[in-house]
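As structure tokens, the structure follows; a few thoughts come after it.
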Amino acid sequence: MSTAESTTSPNPGLRDRVGTVFTVRPLTVGLALFWIWVLARWTTDFVLAGVSGVDRGTPFVPAAPFLTTADTVASLATPLGVAGAPLMWVADTLRFAADATAYLPALAHGIWTTVLLTVFSVCLGFMLALPLSVVRVYGGRWARWFALSYTELIRGTPLLAQLFVLYFATSLTQVLRGVPGVGVGFVPAQAFWVAVISFTLNSAAYQSEYLRASLESVDGGQLTAARAIGLSKLEGIRYVVVPQGLRLALPSWTNELVYLIKYSSLASFITVQELYGRTSTIANETYQYTELFVLVAILYLALVVSASALMDRVESHTATAGVGHTRQ
Amino acid sequence: MTQPLLSIDDLHKSYGSEEVLEGVGLEMDQGDVTVLIGPSGSGKSTLLRCVNRLTEINSGRIALDGEDVTGTDTDVNELRKQVGMVFQDFNLFAHLTALENVTLGPKKVLGMDAADAEAAGRNHLEQVGLLEQADSYPAELSGGQKQRVGIARALAMDPELLLFDEPTSALDPELVGEVVEVMRDLAAEGITMLVVSHEMDFARSAASDIVFLDDGEIVEHGPPEQLFQNPTADRTEQFLSRLHAHEETA
């Protein structure tokens, strides 16, 4: 979009929206394809495979065409010597695509676990973080001290250490194994739940810090006015301060979500076969480390960009004039 | 003898070692419009905030309808249902529209259902001339409009007493008129108002009583004609002449 156009635009908000549509479109298409594939994969493998005789994990696209094309391209490139390097590169990419078709079904299952892990942890973490942050800002001396200690303890120690402590040093795993339903059918096994608990406790600390900063930046007069119409302190916080604080916290909260998507890969250290765990298992069997980790990087990127795009939507949907950073 | 709506007796308030109110006494009857004037730091806003207990007093007694409201067993939320407040810097709920600002109290405090609260809220917005701005957010309103929403928000609780804490001080001069006009309408309707303001125009035309407060005590108290024309205390006279000088230069 030219600058002349943008400066003459009567509505700055509209200009921004138009700009976004144009620049984001290829990305939107890419993400749409990614999610269509993911959903098709899940439907086929988790739903249809049980009902009809569809084979679980059969690639949608056969690898053979990629391989034959790769061989053809390579045979064309070989006589050219050094000049054939670009063609060899194309051949290598095609071989990579052939490998990818074979691995992707397993990785789609990994994505399912990663998504579950992240969504559970970030949501449960939020439920803990909200009261924690309210206590940090409005609580009494001891409550504040408790919330601060918790936050500092969690933020001051490595997530992997927290995960190991919960998994190896407590009887949490045994307890969870005994819970009826765990590891049956769609319900993941105990290691997954240990990871959820660990990430929830960790994420709660980080989220509560973001929320605390936002709650503190809500003008004090807002709560005074709420109290003046007869709302109790807690009601004032609930109906007036928190709704504004949450809007202010959205950008940093998105950051935490993005971190968690990637940090959830640590669950592989306690045997959870999420996206990273699956990748690493396959790589150890096939020795195709480079191919697989390039592939998994692309998949993580797709997940992260999807999450950011979703939160952008949420942000513009909840945007209120005068609360937070209204984009001009 | 009828019981005063508000009676304040020997009120003391200090912040640390600094005594802000040094034994203030004041009575207001139903329908009275009392304007508190005085130099900055004289304790006007503190006095106002003691009435709805946004500030806790040190000693003395405040009674609303004959009932002591400063006791430790008083439900402050009950008290604040009956005493509305309008703030100097509006303090409108930034994430709510004008209408939602007005209906929050009735819905959450008075327990009105949404439809009733909205209908009543629209009436109150109409009363302050802002029905068309019902769906605007505070950031989209002018200062004068914000303050009128602030007044509507206080009115929506149907209070017995309305407190105004310098309602026009944060406004651009050209916006003061619209707010004063709304306040004058309320006074004419018989709403009991305790107003901290130096808006002489309002004080002369709408007040039933003027109270001059200086250094934490009431120096003079009387009807506007008397206090403005023939102040008995030197301090009142000095303050008024400074105020007039300021008004003329402004």
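By convention in this document, chain letters (A, B, ...) are assigned in the order of the sequence lines, proteins followed by strands, and residues within each chain are numbered from 1.
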Practice task
Find the distance between NZ (B/K108) and OG (A/S232) and round it off to the nearest 0.5 Å.
Solution key: 12.0 Å

Exercise for the section: Can you establish whether the number of heavy atoms outside B/E174 located under 6.0 Å from its atom CD is more than 12? Expected result: yes

Exercise for the section: Side-chain contact test, heavy atoms from C-beta onward, threshold under 4.5 Å: evaluate it for A/D219 versus B/D89 and give yes or no. Expected result: no

Exercise for the section: Go through A/G220, A/P243, A/A225 and name the one with the most non-hydrogen pairs under 4.5 angstrom from chain B. Expected result: A/A225

Exercise for the section: Determine whether A/R227 and B/V76 make a side-chain contact, defined as any pair of heavy atoms from C-beta on separated by less than 4.5 Å. Expected result: yes

Fill in the blank from the handout: Scanning both residues in full, the closest heavy-atom pair of A/L231 with B/N77 reads O-OD1, 3.5 Å

Practice task
Answer yes or no: does atom OH of A/Y259 have more than 12 heavy-atom neighbours from other residues, nucleotides or ligands under 6.0 Å?
Solution key: no

Problem - Proximal component of B/R49, with respect to chain A [non-hydrogen, under 4.5 Å] - result: side chain

Completion exercise
So CG of B/N91 and OG1 of A/T224: to nearest 0.5 Å the spacing works out to 6.5 Å

Handout entry: Over 12 non-hydrogen atoms of neighbours within 6.0 angstrom of CD in B/E18
Key = no

Practice task
Assess whether atom CD of B/E181 is packed by more than 12 heavy atoms of other residues, nucleotides or ligands within 6.0 Å.
Solution key: no

Fill in the blank from the handout: Heavy-atom nearest pair, B/A139 first then A/G322, reads CB-CA, 3.5 Å

Exercise for the section: Hey, could you give me the NE2/OG1 distance between B/H95 and A/T320, rounded to the nearest 0.5 Å? Expected result: 8.0 Å

Handout entry: Flag if over 12 foreign heavy atoms under 6.0 Å of CZ, B/R184
Key = yes

Practice task
Using a cut-off of 6.0 Å, state whether more than 12 heavy atoms not belonging to B/E56 lie near its atom CD.
Solution key: yes

Practice task
Answer yes or no: are there more than 12 heavy-atom neighbours, outside A/F34 itself, under 6.0 Å from its atom CZ?
Solution key: yes

Exercise for the section: Sort B/F93 into side chain, backbone, both or neither according to what part of it lies under 4.5 angstrom from a heavy atom of chain A. Expected result: both

Handout entry: Pick from B/A94, B/P159, B/G105 with the largest number of heavy-atom pairs that fall under 4.5 Å of chain A
Key = B/A94

Fill in the blank from the handout: On a heavy-atom basis, the closest approach of A/I229 and B/R153 is CG2-CG, 4.2 Å

Problem - Residue B/L92 versus chain A: region with a heavy atom under 4.5 Å - result: backbone

Handout entry: Other residues, nucleotides, ligands: >12 heavy atoms within 6.0 Å of A/Y300 OH
Key = yes

